Amino acid sequence: MTAFFDRLADRIAEIDSIVSVGLDPDPDRLPDEVRDADLPRWEFNRRIIDATADHAAVFKPNAAFYEDADGWRALEKTVEHARAAGVPVLLDAKRADIGNTSRQYATVLDSVDAITLNPFLGRDALAPFLDRETAGCFLLCRTSNPGGADVQELELADGDLVYERVADLASEWSAEGNRNVGLVVGATTPDELRSVRERVPDLPFLVPGVGAQGGDVEAAATHATAANGAGLVNSTRGIIFAGEDSEAAFDEAAEAAARDLKERLNQYR
């Protein structure tokens with residue numbers, strides 16, 4: 001199979017979109033139309049996927065919303081449906097551990113195309129993921145949450161900041177391995193997003209924060225993609241729950257929101 005970032009670049013070129021649609025089916029926010037389904041989260045995701053697939057470079061389910069028996073069933077069906085629609089799946093799980101635990105976590109890449117990872121435990125903890133030649137691995141670098149600066153902006157002895165060192169290590173690990181490493185860099189910190197892109201021009205980014213978090217759309221669109229055209233800008237709540245502020249059906253509102261984000265991003269690409 002072709003490497004993930006090559007497949008992603010082809011997908012982006014095919015549909016002219018770098019939008020990642022997050023699939024976080026919060027049970028408390030599911031619309032009435034799906035609440036009586038056998039698997040409400042799956043029924044919600046199915047309709048979102050069908051409505052937004054033409055605009056989605058990837059679908060990005062967050063593992064936290066599936067961590068129960070029915071949730072895992074819903075996630076399995078979600079992944080199968082998304083991939084059947086021709087859309088890659090990026091599992092937002094922020095995994096990493098030591099030894100056999102990390103190897104077990106990495107088996108999820110038998111079913112999904114890419115994953116988010118926590119680099120804090122170092123290269124050996126990430127090895128079971130990075131060693132997968134066809135998988136994409138996005139390492140947390142400068143995240144979009146307000147508290148991200150607590151650790152990520154700490155200054156090291158040589159003057160670099162922690163998130164800058166993560167970017168450098170990711171670039172080294174990618175070049176020395178399967179060239180399958182990207183970074184998570186939030187749109188809520190546009191200056192840092194710009195500086196990381198200048199630092200690592202060849203790494204694809206997953207840029208969260210442009211939806212409900214109010215991140216910088218222009219900066220996200222400008223800096224998300226690497227030289228090969230691979231890169232993503234994610235919106236979750238701003239797309240899948242767009243129906244909460246609309247008279248349209250929830251899936252129709254999601255389609256309109258995904259299309260609108262695609263068009264706004266494409267103004268700056």
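Just so it is clear, the model here is predicted, and its values are computed rather than measured.
Side-chain contact between Asp160 and Arg199 is present, with heavy atoms from C-beta onward closer than 4.5 Å. Arg237 has its side chain within reach of Arg29: a pair of non-hydrogen atoms, C-beta onward, lies under 4.5 Å apart. Proximity of Pro25 to Tyr66: side-chain heavy atoms (C-beta onward) are separated by under 4.5 Å at one or more points. Looking at Val184 and Phe205, their side chains never come closer than 4.5 Å, going by heavy atoms from C-beta outward. A 4.5 Å side-chain heavy-atom check between Val19 and Leu265 finds at least one atom pair inside the cut-off. Within the 4.5 Å cutoff, no side-chain heavy atoms of Arg35 are placed close to those of Pro40. Counting only heavy atoms from C-beta outward, the side chains of Tyr105 and Ile115 never approach each other to under 4.5 Å.
Ala230 approaches Leu8 most closely through the heavy-atom pair CB-CD2, 4.1 Å. Across all their heavy atoms, Gly238 and Ala257 have their closest contact at O-CB, 3.5 Å. Of all heavy-atom pairs between Ala226 and Arg197, the closest is N-NH2, 3.7 Å. Of all heavy-atom pairs spanning Ala56 and Val21, the tightest one is CB-CG2, 3.8 Å. Between Asn118 and Ala96, the closest heavy-atom pair is O-CB, 3.2 Å. The two atoms that bring Phe129 and Asn180 nearest to each other are O-ND2, 4.1 Å, heavy atoms only.
A donor-acceptor pair under 3.5 Å is absent between the side-chain atoms of Asn228 and the main chain of Asp202, judged by distance alone. Although no hydrogens or angles enter the test, the distance criterion places no donor-acceptor pair under 3.5 Å between the side chain of Arg132 and the main chain of Ala114. Under a 3.5 Å cut-off, the side chain of Thr222 and the backbone N or O of Glu218 do form a donor-acceptor pair. Between the side chain of Gln152 and the main chain of Thr143, a donor-acceptor pair closer than 3.5 Å is present.
By the salt bridge (Lys or Arg N to Asp or Glu O under 4.0 Å) test, Asp113 pairs with Arg7, Arg83, sequence neighbours left out. For Arg269, the side chain to side chain contact (heavy atoms under 4.5 Å, CB included) partners at least two apart in sequence or on another chain are Ile12, Asp16, Ile18, Ala221, Asn266. With sequence neighbours excluded, no residue forms a salt bridge (Lys or Arg N to Asp or Glu O under 4.0 Å) with Glu192.
Figure legend: Arg41 and Phe65 shown without cation-pi pairing, the cationic atom not lying both under 6.0 angstrom from the six-membered ring centre and within 45 degrees of its axis.
Between Phe44 and Phe250, the ring planes are parallel. Angles under 30° get that label, and only those over 60° would be called perpendicular.
Hydrophobic clustering (side-chain heavy atoms under 4.5 Å, transitive across Ile, Leu, Val, Met, Phe, Trp, Tyr) keeps Ile15 apart from Ile48. Residues Leu183 and Leu121 are members of separate hydrophobic clusters, defined by side-chain heavy-atom contacts under 4.5 angstrom among Ile, Leu, Val, Met, Phe, Trp and Tyr. Taking hydrophobic clusters as Ile, Leu, Val, Met, Phe, Trp and Tyr residues chained together by side-chain heavy-atom distances below 4.5 Å, Leu126 does not share a cluster with Phe120.
The distance from atom CZ of Arg123 to atom CD of Glu172, rounded to the nearest 0.5 Å, is 11.0 Å. For the atom pair CG (Leu261) and OG1 (Thr52), the distance works out to 11.5 Å, reported to the nearest 0.5 Å. The CG atom of Leu90 sits 6.0 Å away from atom CZ of Phe4, with the distance rounded to the nearest 0.5 Å. With rounding to the nearest 0.5 Å, the separation of CG in Asn62 from CG in Leu91 is 8.0 Å. Taking CD1 of Ile49 as the reference point, atom CD of Glu80 lies at 11.0 Å (rounded to 0.5 Å). Note that CG of Asp168 and OH of Tyr163 are 11.0 Å apart. Values are rounded to the nearest 0.5 Å.
Using a cutoff of 4.0 Å between basic side-chain nitrogens and carboxylate oxygens, Arg194 and Glu198 are not scored as salt-bridged. Looking at Arg73 and Glu76, no side-chain N of the basic residue comes within less than 4.0 Å of a carboxylate O on the acidic one, giving no salt bridge.
For the residue pair Asn100/Ser102, the side-chain donor-acceptor check at 3.5 Å is not satisfied. Using modelled atom types and a 3.5 Å distance limit, the side chains of Asn45 and Thr78 yield a donor-acceptor pair.
Within 6.0 Å of NZ on Lys94 lie more than 12 heavy atoms contributed by other residues, nucleotides or ligands.
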- Chi angles and distances behind the side-chain contact (heavy atoms from CB on, under 4.5 Å) call for Val79, Leu75: CA-CA 6 Å; Val79 170; Leu75 179 59; 4.1 Å; yes
